[in-house]
Amino acid sequence: MKDHPDQLAAAWSELVATARRTVTDGLVVGTSGNVSRRIKDLILVTPSGVPYHRLGPADTTAVDLDGRQIIGSLRPTSELPMHLAVYRSTGAGAVVHTHAPHATAVSTLVPELPPIHYMAGDLGGPVRVAPYALYGSDELAAHMVDALRDRTAALLRNHGTIAYGDGLDQALDRTAQLEWMCRVWLLARSVPGHTPSLLSAEQLDAAGDRLRGYGQRTDPRD
């Protein structure tokens with residue numbers, strides 16, 4: 001990728017745009033989240049403590065799968081262990097971590113997000129909550145990997161969210177879906193005298209199967 005500077009510049013530009021969207025979409029306050037994308041054995045990642053609106057082409061930051069800095073002088077995000085753990089344990093092409101408010105609230109209440117909506121099927125099933133550990137630690141990364149087993153998103157207790165996808169758009173969309181489901185559940189459970197109805201495992205599985213075929217086919221002639 002370093003031999004193709006135009007491709008690297010375009011990839012970094014897309015990553016920065018995604019990071020900025022986490023702020024404008026209310027998923028992150030300040031620099032409280034982080035975003036990464038994988039290009040072969042290179043991991044582009046947002047740097048630590050730099051507001052996203054200030055990031056430019058000269059701030060490109062990248063590491064290898066062992067966390068060694070390959071590109072840039074800015075220190076990578078403090079949550080680099082989490083990002084690397086996702087890439088090592090899954091086929092992820094991109095990772096988004098946020099402190100989304102409703103999701104963070106839910107992470108303090110339950111061991112997993114109750115199946116309030118069928119979109120949980122798109123994330124692999126009920127979203128688990130990883131036990132609390134100090135941010136940026138290997139312990140947190142290990143808890144997260146366990147919570148992500150057979151899932152594409154997880155909650156981090158008293159912390160936030162993690163989601164991955166084939167690319168940045170998918171990872172961000174899954175993050176937004178998770179935040180929305182958390183908000184729906186909090187709203188439903190706040191109604192006095194009522195308990196939210198939940199979906200069964202069979203209903204979630206059926207929704208997941210249907211969602212895998214959702215959208216337009218690649219070839220319109222099919």
Side-chain angles (χ1 to χ4, degrees), residues 22 27 33-38 41 43 45 63 65-67 77-100 102-185 198-214:
T22 65
L27 301 170
N34 26 80
V35 178
S36 67
R37 65 174 296 177
R38 179 174 183 172
D41 292 331
I43 308 299
V45 63
V63 301
L65 287 169
D66 292 320
T77 173
S78 59
E79 295 292 7
L80 185 60
M82 273 206 308
H83 288 259
L84 295 178
V86 174
Y87 292 117
R88 291 169 184 154
S89 60
T90 73
V95 177
V96 172
H97 165 55
T98 78
H99 294 180
H102 297 93
T104 302
V106 169
S107 80
T108 71
L109 298 172
V110 290
E112 71 176 24
L113 173 63
I116 191 74
H117 193 273
Y118 67 78
M119 282 304 295
D122 189 47
L123 304 180
V127 178
R128 305 183 187 98
V129 179
Y132 179 80
L134 181 65
Y135 81 92
S137 66
D138 291 335
E139 182 183 9
L140 176 59
H143 289 331
M144 176 213 64
V145 168
D146 187 54
L148 281 176
R149 187 179 67 257
D150 302 321
R151 302 288 190 270
T152 54
L155 296 171
L156 310 172
R157 189 173 302 284
N158 297 88
H159 187 154
T161 71
I162 192 84
Y164 70 87
D166 295 335
L168 288 164
D169 284 345
Q170 188 176 54
L172 182 60
D173 181 69
R174 285 171 171 167
T175 302
Q177 289 288 354
L178 176 55
E179 169 68 354
W180 179 81
M181 285 189 291
C182 287
R183 183 182 180 189
V184 168
W185 182 70
L198 302 175
L199 299 176
S200 68
E202 292 76 14
Q203 289 170 324
L204 280 185
D205 287 344
D209 289 341
R210 177 69 63 88
L211 286 165
R212 278 188 283 275
Y214 178 77

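Everything numeric here is computed off the predicted structure, so don't read it as measured data.
No donor-acceptor pair under 3.5 Å is formed between the side chain of Arg128 and the backbone N or O of Ala154. Between the side chain of Gln170 and the main chain of Asp166, a donor-acceptor pair closer than 3.5 Å is present. Arg151 contributes no side-chain N or O that, together with a main-chain N or O of Val127, makes up a donor-acceptor pair within less than 3.5 Å. Put simply, the side chain of Glu179 gets close to the backbone of His102: a donor and an acceptor are under 3.5 Å apart. Remark: the backbone N or O of Asp146 is paired with a side-chain donor or acceptor of Arg149 at under 3.5 angstrom.
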Check your understanding: side chain to side chain contact (heavy atoms under 4.5 Å, CB included) between Val63 and Leu84: does it pass, once the steps are laid out?
Key -> CA-CA 9 Å; Val63 301; Leu84 295 178; 4.3 Å; yes

Check your understanding: What do the steps show when you test Leu172 against Leu27 for side chain to side chain contact (heavy atoms under 4.5 Å, CB included), and what is the final call?
Key -> CA-CA 10 Å; Leu172 182 60; Leu27 301 170; 4.0 Å; yes

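Leu140 approaches Pro131 most closely through the heavy-atom pair CD1-O, 4.4 Å. The two residues Gly136 and Pro81 have their closest heavy-atom pair at O-CG, 3.5 Å. A pairwise comparison of heavy atoms in Ala163 and Ala153 identifies CB-CB, 3.9 Å as the closest pair.
Cys182 has its side chain within reach of Leu155: a pair of non-hydrogen atoms, C-beta onward, lies under 4.5 Å apart.
From Leu80, atom CG reaches atom OG of Ser36 across 8.5 Å, with rounding to the nearest 0.5 Å. Note that OG of Ser137 is 8.0 Å distant from CD of Glu79, once rounded to the nearest 0.5 Å. The CE atom of Met144 lies 11.0 Å from the CG atom of Asp138; values are rounded to the nearest 0.5 Å. Here the CG atom belonging to Asp41 is positioned 12.5 Å from the OH atom belonging to Tyr87, to the nearest 0.5 angstrom. Rounding to the nearest 0.5 Å places CD1 of Ile162 at 7.0 Å from CG of Asn34. The distance from atom CG of Asp122 to atom CG of Leu178, rounded to the nearest 0.5 Å, is 11.5 Å.
Contacts classified as ring pair (Phe, Tyr, Trp, His ring centres under 6.0 Å) and involving residues 145-178 (residues at least two apart or in different chains) are given here: His97-His159, His99-His159.
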Solution key, residues 106-117 side-chain donor-acceptor pairs under 3.5 Å, sequence neighbours excluded:
from   : atom 1 : to     : atom 2 : distance (Å)
Ser107 : OG     : Thr104 : O      : 2.6
Ser107 : OG     : Leu156 : O      : 3.4
Ser107 : OG     : Asn158 : N      : 2.9
Thr108 : OG1    : Ala105 : O      : 2.7
His117 : ND1    : Met119 : N      : 3.1

